[in-house]
**Q** 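Take this structure, written in C-alpha cells, and hold onto it; I'll ask about it next.
Counting starts at 1 for both ligands and their atoms, following the listed order.
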Amino acid sequence: MNITIIGAGAIGLLMGAKLSSSGHTITMVTRREDQAYELQQKGIRYRSGNKEETYEVNASTSLSAQTDLVIVAVKAHAVREVISSITHTYTARMTPELLFIQNGMEHVRYLTSLVQPVSVGTVEHGAKKRNDISVLHTGEGSLKVSSYSGRSPFIEALKDSLSIEFKDNWYKLLAEKLIINCGINPLTALFQISNGELLTNPRFFGLLRELIKESSKVLDLEFEESWNRVQQVCKLTAANTSSMLADVSAGRRTEIDAISGFVLKEASFKGVDVPFTRFVFDAIKGLELMMEERM
Ligand code: PAF
C-alpha cells in the first residue's frame, strides 16, 4: 500500500516506522526541507527498549497525488492548513482514504468539507521524538479508529500492523480521549510533572478530579467511568511526559485550544459553569504568550 503521513513529530514517526516495517511504501510529508532530506537519506530510527531499527521511507515537503491513504498526524492547530492542501492536491476523482489522529475535537468542524472517505482516530501509544528522524516508543498501546464518513478498506487492512481497534461512534471515541487530555495535559504542563505524579500528589489528584467532573458534564459522558479511565491512563503512562508538557518545554504552541478551549466553547453553549477548565486554559495561554514574547 502507498501511504502518506503528514507530520513527522513523535506520532508521525512512530506510524511511519511501524508501517514501513510491515512492508508498506511510506512517504513522510514534513514542513521543513532539511527534515525531509534527512528522512529520505537516513530513514526513521525507531527505538523500543534495547531494540533499535532503521526503516526506509520517502520524504517530501509536498503532497503527491499517488497514494492510497493519507494519515494526518500534525497538531490540531495545523489541520486547517493541511485540509486546504489536501483539497488542492486531490480532485473529487482521486479519493485516497484520510485518517486524522489529533488530540481534541476542534479539528472535526473542518472535516465536513472533504469529499474523500474520512476516519478519525485516537493514539494511545507513548512516543517521544528524539530528533528529526528518531522516535522512542515508550509505551505500547493501540490506535482506536472510527469512520467519520464513507468506507475505508485500506485502513481496515492495517488492523494488525497498527493494532487498530475499530469503534462505531466517532463522537464517543473522540470525546472519551478528549476528557483524558483535558485533565492530564494542562496539569502536567503547568506543574512540569510526569503523568503518574497526578495520582501520587493529593492536591494535583484533587485538581484532576475537578477537571474531569467539569468536562464529563460538558461532553455528556458518565463521570465515574471517565474518572476511572483517566486514572488508568495516568497509571499506564506514569513515566510519560505529556504532549503538552513536551510542547511547553520546547517553547512550542500547545493544543490547549483544541482541548480545554473546545470544552469551554461547548460549556458556554450549554450554559455549564467550568471554573477549573477556565483557569487551566488561561494559565496555558498565558505561558504561550510569555514564550512568544521571549522569542
Ligand atoms: O497528549 C498526550 O500526552 C497523551 O494523549 C496522553 C494520553 C495524555 C498521555 O501522555
**Q** For K167, check salt bridge (charged side-chain N to carboxylate O under 4.0 Å, His left out) against everything at least two apart and list the hits.
**A**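 Salt bridge (charged side-chain N to carboxylate O under 4.0 Å, His left out) list for K167, sorted by chain: E165.
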**Q** Show, in sequence, the C-alpha distance, side-chain angles and deciding distance for E97 and S119, and conclude whether the side chain to side chain donor-acceptor pair (under 3.5 Å) test is met.
**A** CA-CA 8 Å; E97 294 170 17; S119 296; over 6 Å; no
**Q** Can you tell which part of V123 has a heavy atom less than 4.0 Å from ligand 1: side chain, backbone, both or neither?
**A**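 Answer for V123: neither.
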**Q** Can you tell me the protein heavy atom closest to atom 8 (C) of ligand 1 and the distance?
**A** N185 OD1, 3.2 Å
**Q** For atom 10 (O) of ligand 1, grab the closest protein heavy atom and report residue, atom and distance to one decimal in Å.
**A**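 Heavy-atom neighbour on the protein nearest atom 10 (O) of ligand 1: N195 ND2, 2.9 Å.
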**Q** Just jot down the ligand 1 atoms closer than 4.0 angstrom to any heavy atom of S242, in number order.
**A** 3 (O), 10 (O)
**Q** Which residue supplies the protein heavy atom nearest to atom 2 (C) of ligand 1, what is that atom called, and how far is it?
**A**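 Answer for atom 2 (C) of ligand 1: S243 OG, 3.4 Å.
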**Q** Do any nitrogen or oxygen atoms of N103 come within less than 3.5 Å of a nitrogen or oxygen of ligand 1?
**A** yes
**Q** Does a salt bridge link E106 with R109, judged by any charged N lying under 4.0 Å from a carboxylate O?
**A** yes
**Q** Given that the side chain starts at C-beta and the backbone is N, CA, C, O, which of these parts of K177 lies under 4.0 Å from ligand 1, counting heavy atoms, or is it both or neither?
**A** side chain
**Q** Would you call K285 and D257 a salt bridge, using N to O less than 4.0 angstrom?
**A**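 Yes, charged N to carboxylate O under 4.0 Å.
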**Q** I need the nearest protein heavy-atom contact for atom 4 (C) of ligand 1: residue, atom name and distance, please.
**A**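 For this ligand atom, the closest protein heavy atom is N181 ND2, 3.8 Å.
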**Q** Working note: S216 + S226, criterion side chain to side chain donor-acceptor pair (under 3.5 Å); need CA distance, chi angles, decisive distance, verdict.
**A** CA-CA 7 Å; S216 53; S226 306; 5.0 Å; no
**Q** Assess whether a salt bridge exists between E124 and R229, defined as any Lys/Arg side-chain N lying under 4.0 Å from an Asp/Glu carboxylate O.
**A**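 Salt bridge absent between E124 and R229.
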